[in-house]
Every structure is written in C-alpha cells, then in structure tokens.
Amino acid sequence: MEVLEGAIDCRPEETGYDSSRLVALNEHFQRIIEKKIIVGAQYTISHKGKIIANASIGGGSKISDEKMKPDMVFRIASITKTFTAVAIMQLVEAGYFRLDTKVGEILPQFSKPPFADISIWNMLTHTSGLYPDGGCYPDVAPINSWEYIGAFMERWDHKGEFDWITPGLLGGLRKPVGTQWMYNSFAFAVLGEVITKVSGKFAHDYIEENIIRKLSMRDTAFMPTKEMAERMYIRDEEDKEHIDTIIAGTFSQDEGNEWDKIPKTGGGIHSTTRDLIRFGNMMLGMGRLDGVRILGRKTVERMTTPQLHNIPDDCWGSKEMDRQYGIGFDMKRGVAFNYSSGSYLHEGSGACSLDMDPKEQLCAAWFVPWDNVEWSADALFNVQNIIWSGLM
C-alpha cells in the first residue's frame, strides 16, 4: 500500500486528533480498491481550522495508469450545488429577493401554472415538485428535463433568444409543490439562471468572483485552467479529449454549443479536496475565512438548520418520512452516521463528499472515483465514520 502525502499544517495530535485513525482510513481505502469499488482516493481533513491530513492512495482509470495525487483536480459534481446555494444566499442578503420569492417573478417561464407556486426556497430544498434526476424512481417518465432540452436544441433554428427552460419544464410536476423531497439538478441549473438574471453576470462568473476567488481557491473553477487540466483525473476518452484541448489551448466555448449557455450550477465545478476544505471552513467559520466575508452568521445558521418537516423522500428507495435537508446542504441523519447533531454535507456522483461538523470543527473532503460500481456506502458513509473516529 503506497500512500502519497501532501502538505499539512500540523500533526493531528496537536489539534486533538488520533493519527492512528488515518492508518485505518488508508487501510479501508486499500480494501475497497482491492474489491474494485473505487480505483483510488484523495482526501483532506482539517480540525479546528488546521489541515491535519492531505493524501492519496491508488489510482488509474479505464484509459490511464496514473496514480492519484494529493493535488489532483477532479469534477466535484453535485457539491457544486453548495456553491450555488451560497451565491443565492448572497443575493438574498443583498436584498434582490427573498427565499419565499416565486421563481416566476424572476424567470417568466415559471409564472404560469403549475409552476407559479414554486419559490426559490423550493428549488434550494428539492421540494419544487418537478420531475427529479433520472434514477430516483423506477416509474419516472423515460424523458427527463435534459432530454427535452436536447430535443429542442436539435430543432432550434437559432433565431431569437435561446430559451432552454421552457423545454425543460415540458414534463410538468410529479408531485404538488412542497409536498415531497425529490433530488433535482435541473432546478439548480435554473437557480444559476436566477443568479445570471439578477446579478447581470453569468452564474459561473458570479460564483468564481464572489466565492471562489475571494476564498483564494486557486485550484477551483468551472472551466479548468491549463495548469489545473494538467493535474486532472481522467475518467475516459471523452475526458481525455476535453482535457487535451484545454492543455493545448485549442478549447473554445464559442463554438455554437448551446449547452455552454446553460449554467452548470448543479454539478460543473472542478476542484481538489484541499480547496474544498477552504470552502468548508468558511461555512464552519460562520461565513468567514481568513478575514474574508462570504456570508453573514445568521445566513449560515439558516442554511445549516433543517428546513423540512414531515416531508417524505422516496428517492433511490430511501422511504424516509421526514427528510432532513438544509438550504443547499444535506443533513443526513440515522444510525449510519457518527457525526454530531447539526453537521451538514454534500456528496457528488463519481464520487466525492464534503462533510462539516460545527460542534467538533472538523471538515473532511474526499474523492473516490468508482471502479465497477455505480454507488457504494463503503466509500462514503464508512469513510465518514472512520474519519470521525479520530476525534479525541
């Protein structure tokens, strides 16, 4: 078992963390690599604001034998939603709208039934009633929002303003607004359009300027820089072709690809686990990090307080009667988890996780690309339990 170590701020014991649990963590990663659950792992852990672990193990993919490195860049997928939620809350703090503002007051596509009752809060908490991501339910219609949009693009005559939201709503509502938790990435793309419309800046630019750059997250962006691309994890040939064009300087977002005009605010950011820790520590710092203000304390308190009460969740067979969810942050509870009450997190498919425990001031981020599975609790929930077991 070869573990590559990155830079840390101090030894774990200096913050009251048992370093032997990092050995247990590496052994766990090695076991699930051998079981072909994941191909490798990159992780960073901070305790009381200090990075106490930053390492990688294993590696490789379908087209590359490259080992995982502590500074490897990867797409954080749905962890992007937490950045989008922070951006929305910044605009709430600035007075542009409220959480109870109807989306239709900002985007006219939502101004008519059955969408007129959907609020910004509904979109942030996955209670809009819109049809959820594919795979959530076995009975979901075979055509989802993204497929409707793709079909529209094929027919579009490129005249007038490009409207991707209208075809995205063709599926209508699966449930009445506010009655069920249903995971919806399309809703977060719409929130990106809200950011664009209200701020006057494309959502990607707004988030990078007002969150990522302010936090000095130098390895984080929607579109990787050449230097970031040279350190990116390559999943497949499509990934390699895309990354190669960035490195060669031949990639262009102005090639008439209408998909590039849709905000990737539901899953398009690239980062490293070390950079994600800066974002996590900003949240643990009640909206501040290193003297930089991103959000106010009361806003963070609202975002990290359960928002839903007796709202059921049947996604992926969960059968929860009272789904725990904050604003843009998940708040999974139950016998599987060992973090403190009040902790919050978000997973990303592919897979990765960012978990924050305000009581213990512990923050952990890990990237564990799947091997021969589509999802496994061993690489997510079990990892969280091992990391939290180091607290003394």
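This chain uses plain numbering: 1 for the first residue, then up along the sequence. Here the structure is a predicted model, which is why all the values come from computation and not from measurement. Just so you know, these numbers use all the heavy atoms, side chains as well, and skip hydrogens, waters and symmetry mates.
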Inset, instruction - Report yes or no: do Ser271 and Asp219 form a side-chain donor-acceptor pair below 3.5 Å? - result: no
Inset, instruction - Tell me, yes or no, whether the heavy-atom count around Met392 atom CE, taken from other residues, nucleotides or ligands under 6.0 Å, exceeds 12. - result: yes
Legend entry - salt bridge (Lys or Arg N to Asp or Glu O under 4.0 Å) assessment of Lys197 paired with Glu193: CA-CA 6 Å; Lys197 188 81 173 282; Glu193 192 69 14; over 6 Å; no
Legend entry - Flag, side chain of Arg155 to backbone of Met153, donor-acceptor distance under 3.5 Å: no
Inset, instruction - Using a strict 4.0 Å threshold on nitrogen-to-oxygen distance, state whether Glu34 and Arg31 make a salt bridge. - result: no
Inset, instruction - Look at the side chain of Asp239 and the backbone N and O of Arg235, then say whether any donor-acceptor pair between them is shorter than 3.5 Å. - result: yes
Inset, instruction - Taking atom CG of Asp65 as the centre, report whether more than 12 heavy atoms of other residues, nucleotides or ligands fall under 6.0 Å from it. - result: no
Inset, instruction - Determine the minimum heavy-atom distance between Asp330 and Gln324, stating which atoms define it. - result: OD1-O, 3.4 Å
Inset, instruction - For the residue pair Leu391 and His47, establish whether any side-chain heavy-atom pair is separated by less than 4.5 Å. - result: yes
Inset, instruction - Check whether any side-chain N or O of His204 sits under 3.5 Å from a backbone N or O of Lys264 as a donor-acceptor pair, and report yes or no. - result: yes
Legend entry - Donor on one side chain, acceptor on other, Gln42 and Thr273, under 3.5 Å: yes
Legend entry - Note: Arg231-Glu227 ion pair, threshold 4.0 Å (strictly below): yes
Inset, instruction - With side chain to side chain donor-acceptor pair (under 3.5 Å) as the test, would you mind laying out the steps for Asn281 and Ser46 before giving the verdict? - result: CA-CA 8 Å; Asn281 278 335; Ser46 74; 3.2 Å; yes
Legend entry - Verdict with supporting geometry, Phe186 and Tyr131, ring pair (Phe, Tyr, Trp, His ring centres under 6.0 Å): CA-CA 9 Å; Phe186 170 74; Tyr131 269 82; over 10 Å; no
Inset, instruction - Using atom types as modelled and distance alone, determine if a side-chain donor or acceptor of Glu147 lies under 3.5 Å from a backbone N or O of Asn144. - result: yes
Inset, instruction - Over all heavy atoms of both residues, which pair between Phe29 and Ile57 is shortest? Give the atoms and the distance, please. - result: CB-CG2, 3.8 Å
Legend entry - Sub-4.5 Å side-chain heavy-atom contact between Ile327 and Thr305: no
Inset, instruction - Compute whether any side-chain donor of one residue and acceptor of the other, for Asn210 and Gln90, lie under 3.5 angstrom apart. - result: no
Inset, instruction - Would you confirm whether Asp275, through its side chain, and Thr220, through its main-chain N or O, come within 3.5 Å as a donor-acceptor pair? - result: yes
Legend entry - Sidechain-backbone polar pair: Gln361 side chain, Pro358 backbone, donor-acceptor under 3.5 Å: yes
Inset, instruction - Specify the closest pair of heavy atoms between Cys363 and Leu354, including all atoms of both residues, with the distance to one decimal. - result: SG-CD1, 3.9 Å
Inset, instruction - Using a 4.5 Å cut-off on heavy atoms from C-beta on, say whether the side chain of Phe152 contacts that of Leu170. - result: no
Legend entry - Residues Ser185, Asp133; criterion side chain to side chain donor-acceptor pair (under 3.5 Å); working and verdict: CA-CA 6 Å; Ser185 294; Asp133 286 12; 2.7 Å; yes
Inset, instruction - State, with a plain yes or no, whether a side-chain heavy atom of Tyr233 is found less than 4.5 Å away from one of Arg75. - result: no
Legend entry - Whether Ser199 side chain and Ile195 backbone form a donor-acceptor pair below 3.5 Å: yes
Inset, instruction - Sort out for me which residue in Lys319, Lys175, Arg323 forms a salt bridge (charged side-chain N to carboxylate O under 4.0 Å, His left out) with Asp313. - result: Arg323
Inset, instruction - Taking Trp366 for its side chain and Gln384 for its backbone only, find out whether a donor-acceptor pair lies under 3.5 Å. - result: no
Inset, instruction - Using distance alone, with no hydrogens and no angle criterion, decide if Glu360 and Tyr339 have a side-chain donor and acceptor under 3.5 Å apart. - result: no
Legend entry - Atom CZ of Arg218: over 12 foreign heavy atoms under 6.0 Å: no
Inset, instruction - Drop me the distance from His346's NE2 to Leu276's CG, to the nearest 0.5 angstrom. - result: 12.5 Å
Inset, instruction - Answer yes if Ile269 and Leu345 sit in the same cluster of Ile, Leu, Val, Met, Phe, Trp and Tyr residues linked by side chain heavy atoms under 4.5 Å apart, and no otherwise. - result: no
Legend entry - Ring centers of His126, Tyr183 separated by less than 6.0 Å: yes
Legend entry - Under 3.5 Å side-chain donor-acceptor pair for Glu258 and Trp164: no
Legend entry - Closest approach of Asp371 to Lys36 (non-hydrogen atoms, all atoms of both residues): CB-O, 3.2 Å
Legend entry - Salt bridge flag under 4.0 Å for residues Lys359 and Asp357: no
Inset, instruction - Taking Asp9 for its side chain and Ile51 for its backbone only, find out whether a donor-acceptor pair lies under 3.5 Å. - result: yes
Legend entry - Short side-chain donor-acceptor distance under 3.5 Å, Lys102 and Ser111: no
Legend entry - Salt-bridge criterion met for Asp71 and Lys69 (N-O under 4.0 Å): no
Inset, instruction - Give the intermediate values and the outcome of salt bridge (Lys or Arg N to Asp or Glu O under 4.0 Å) for residues Asp378 and Lys35. - result: CA-CA 11 Å; Asp378 290 351; Lys35 291 180 179 179; 5.1 Å; no
Legend entry - Note, Thr179 side chain near Thr127 side chain (heavy atom, < 4.5 Å): no
Inset, instruction - Say whether Phe162 and Phe202 are linked into one hydrophobic cluster, either directly or through other cluster members, by side-chain heavy-atom distances under 4.5 angstrom. - result: no
Legend entry - Test item: Ile33 and Val39 side chains (from C-beta on) under 4.5 Å apart, heavy atoms: no
Legend entry - Hydrophobic cluster identity match, Ile120 and Val198, side-chain contacts under 4.5 Å: yes
Legend entry - Residue pair Leu191 / Val103, side-chain heavy-atom distance below 4.5 Å: no
Inset, instruction - Would you please say whether a donor-acceptor pair under 3.5 Å links the side chains of Arg274 and Thr44? - result: no
Legend entry - Audit row: Asn54, Glu5, side chain to side chain donor-acceptor pair (under 3.5 Å) steps and yes/no: CA-CA 6 Å; Asn54 178 31; Glu5 303 281 355; over 6 Å; no
Inset, instruction - Answer yes or no: is there a side-chain heavy-atom contact under 4.5 Å between Phe115 and Val177? - result: no
Inset, instruction - Step through it carefully: locate the ring centre of Phe337, locate the ring centre of Phe381, and say whether they are under 6.0 Å apart. - result: yes
Legend entry - Any side-chain donor near an acceptor of the partner, Glu93 and Thr299, under 3.5 Å: yes
Inset, instruction - Could you pull out the closest heavy-atom pair between Ser353 and Glu347, with the gap in Å? - result: OG-CG, 4.1 Å
Inset, instruction - Group every Ile, Leu, Val, Met, Phe, Trp and Tyr by side-chain heavy-atom contacts under 4.5 Å, then state whether Phe279 and Ile387 land in the same group. - result: no
Legend entry - Salt-bridge present (Glu14, Lys50; N to O < 4.0 Å): no
Inset, instruction - Decide side-chain contact (heavy atoms from CB on, under 4.5 Å) for Arg302 and Leu99; before the verdict, give the C-alpha distance in whole Å, the side-chain angles of both, and the deciding distance to 0.1 Å. - result: CA-CA 11 Å; Arg302 178 69 189 276; Leu99 287 176; 3.7 Å; yes
Legend entry - Any donor-acceptor N/O pair, Thr166 side chain to Asp163 backbone, under 3.5 Å: no
Legend entry - Carboxylate-amine/guanidinium contact Lys240 Asp244, below 4.0 Å: yes
Inset, instruction - Verify the distance criterion only: is there a donor paired with an acceptor across the side chains of Ser78 and Lys81 at less than 3.5 Å? - result: yes
Legend entry - Shortest non-hydrogen separation from Gly192 to Thr265 and the atoms involved: CA-OG1, 3.3 Å
Legend entry - Arg174 to Tyr137 six-membered ring, cation-pi geometry met (6.0 Å, 45°): yes
